[in-house]
Amino acid sequence: MSYYKIENLEQYFKHYNKSVREPRKFWSKIASENFTWYQESEKIVEFDMAEAKIKWFVDAKVNIVKNCLDRHLSKRGEKTAIIFEPNNPNDAAEHISYNDLYVRVAKMANVLREQGIQKGDRVCIYLPMIPEIAVSVLACARIGAIHSVVFAGFSASAVAARINDSECKMVITSDGGFRGEKTIDLKGIIDDALTNCKSVETVLVVKRTNTSVSMKPGRDQWLQPLLDTASDNNVAEIMDAEDPLFILYTSGSTGKPKGMVHTTAGYMVYTAYSFKNVFNYEENDVFWCTADIGWITGHSYILYGPLLNGATTVMFEGIPTYPDYSRFWEIIEKHKVTQFYTAPTAIRSLAKENLEYVQKYPLKSLKVIGSVGEPINEEAWHWYNDHVGGKRCPLVDTWWQTETGGILISALAFITPTKPTYASLPLPGIQVVLMDEKRNEIEDNQVAGSLCIKFPWPGIARTIWGDHHRYKETYFSAFPGKYFTGDGALRDEVGYYRITGRVDDIIIVSGHNLGTAPIEDAINEHPAVAESAVVGFPHDVKGNALYGYVILKESGEYRDRTNLTKEINQHISDHIGPIAKLDKIQFVSGLPKTRSGKIMRRILRKIAEGDFSNFGDTTTLLNPEIVDEIKEGKL
Ligand code: WTA
């Protein structure tokens, strides 16, 4: 019996039980039967949860790109690997076959080597959603360089911080990027960033927008001429199972962003397996995930998961609202997309518009629709299910994280019965537990608790780049012996999970994780600001929006608060990026603090939500009177 594809609900339970009872056998069989290895693993897994040390497919040798490309060529060489849909709907879509992609990746891999990049070197990729981002990621993986993709919406100082943290030797960027009607000056942002980055020796520049850019002699080179003369004969690097594959930064609730490190074999096996089963992928399907490759969803389900399965994957350069609100539906129709995977925030923003935008398109090609990134509320769930899925496509609400590498809790399309707002059941291999406040495991159903996983799975991130201690503290210390997700969840009477949201100081805005601390740091950099606190409040489209409480310095120079609000948001844009701007700012004379000096965010959250009832116990506050002042200021 093969374990790779689950055929029905009964089999799901069987596989699940097998994965718990005999995890080594379960994963060893999947790994051995569905991938090509230079050398297979015998030990499969070694771990010490207390030390946060986890290894999968110990001692195996593999190259993930050989599994994504080379092994498909004999059977699927002419099959389309990537459909590139440009920002402008009048520009032709590009169909890149597995043969073409192989050649492009091989040439790029040779260019990287010629430019001195070797196994283990870090390469920062700061590109828009154009084929070169896929080619660059795969070329790095082919030669064993560690890619660190930074979302091309981050500001110069945010990119610089990420480049410096992992000491990238090279940056791959483009002259600019198209986003709806806008053109973004990516090279200019990189130039600014690199004034503070000593490790970068080379910048390769893709031509996309034909905007004029400055090229620094000795550092910057146009990519195309290098590719034109590169050979397409490239020998892939033989990688150890636990060699790092990539670093991807995610917000921490305190301090600097965390460079999550994913390693080669476990990530490969888990993304391929989860892709196949959650989306019920079949050979001639056309899969479209609307995420950006700058986020984990794009890594795992635009690139690696689909390509490992020999699938056709759609890459979209633009935005859902350009040229109008029907762009997503038009693309589904045009490319006969069978699986469509997007975020609740996109659904909510499109659901606000006239129904005709979606009703114009029959969307008959669709078989499965998916959601990721934040809890999907009941209304958005039904709109998506009714108007996009036509009530016939299973809606898979997939819960997972940058840290988990792939989907951990989700319905499996056509197998698990779905329930609105419930991510439903864990995938095989994922031993989910809910913990109570006393750190005990909750056995019952119909309960809420902190969501933890008590056994490692192949896709889990192995460390935080350069800071294993922080990795251990963040994920393995709150509930010793278990991986703590930072999310809260409910379990219903049949064991389905509903994710209720973060229980730490991370706020998810339009599906993007934002830590409150870095935003507060950016606000506090403004010369007029003495102190600040940021909380989330519910927002119709974004899920959560940001509310900032700001204490001004006493100098009184800044009387004009309209300008001040703009300036503060500009500071945030400069330090992090426009995604972290505040929707509301309230100027206050103090913040509610405990006697130990900790801000009571619970109260600030309630005020931001407009809920003035039941602030809970405020007796531990140092300054209880401030609560009334803030409340009145909000009115
Ligand atoms: C949230 C994105 C509810 C959750 C793949 C998690 C979700 C964080 C869901 C990780 C979902 C993601 N339902 N919440 N289906 N999917 N989340 O690292 O709070 O960008 O911890 O990974 O998003 O966000 P990240």
Side-chain angles (χ1 to χ4, degrees), residues 149-151 153-154 246-253 257-262 267 270-271 274-275 278-279 289-302 304-305 341-348 369-378 380-381 384 395-412 416 418-427 430 432 448 450-453 459-461 464 474-475 478 483-490 496-515 536 542-544 579-580:
V149 183
V150 176
F151 173 61
F154 276 114
F246 65 85
I247 301 171
L248 187 59
Y249 286 87
T250 188
S251 305
S253 50
K258 299 173 289 197
M260 303 313 307
V261 178
H262 282 281
Y267 178 83
Y270 197 75
T271 50
S274 53
F275 173 77
V278 170
F279 300 105
C289 163
T290 68
D292 191 287
I293 291 175
W295 310 115
I296 192 69
T297 309
H299 280 57
S300 301
Y301 299 110
I302 296 178
Y304 288 114
Y341 189 32
T342 195
T345 186
I347 296 300
R348 287 190 297 261
I369 55 176
S371 168
V372 59
E374 54 184 310
I376 180 164
N377 52 306
E378 190 104 23
W381 197 98
Y384 193 23
L395 192 174
V396 292
D397 175 3
T398 66
W399 174 84
W400 59 296
Q401 310 178 296
T402 304
E403 296 84 342
T404 69
I407 297 165
L408 297 197
I409 305 181
S410 172
L412 309 179
T416 324
T418 61
K419 173 173 176 181
T421 76
Y422 279 75
S424 86
L425 299 173
L427 266 68
I430 309 305
V432 173
S450 296
L451 184 66
C452 292
I453 322 282
I460 187 175
I464 291 174
T474 310
Y475 303 106
Y483 168 80
F484 174 45
T485 64
D487 282 331
L490 299 173
Y496 270 31
Y497 289 92
R498 174 185 183 161
I499 314 304
T500 47
R502 303 290 311 184
V503 295
D504 55 12
D505 288 333
I506 288 174
I507 307 172
I508 303 196
V509 179
S510 298
H512 304 312
N513 287 7
L514 299 170
K542 302 185 198 179
N544 294 297
I579 49 176

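Read the numbers this way: they start at 1 and go in the same order the structure lists the ligands and their atoms.
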Roughly how far apart are E403 CD and I453 CD1, rounded to 0.5 Å?
11.5 Å
Less than 4.0 Å from some atom of ligand 1, heavy atoms are found in residues I296, T297, V372, G373, E374, P375, D397, T398, W399, W400, Q401, T402, D487, I499, R502, I508, N513
Aromatic ring pairing F151/H512, orientation class (parallel under 30°, perpendicular over 60°, tilted between)
tilted
Cut-off 3.5 Å, side chains only: do W399 and D487 have a donor facing an acceptor?
yes
In this structure, is the centre-to-centre distance between the rings of Y267 and F246 below 6.0 Å?
yes
Over 60° means perpendicular and under 30° means parallel, so tell me whether Y301 and W400 are parallel, tilted or perpendicular.
perpendicular
Go through the side-chain N and O atoms of R348 and N377 and say whether any donor and acceptor fall under 3.5 Å apart.
yes
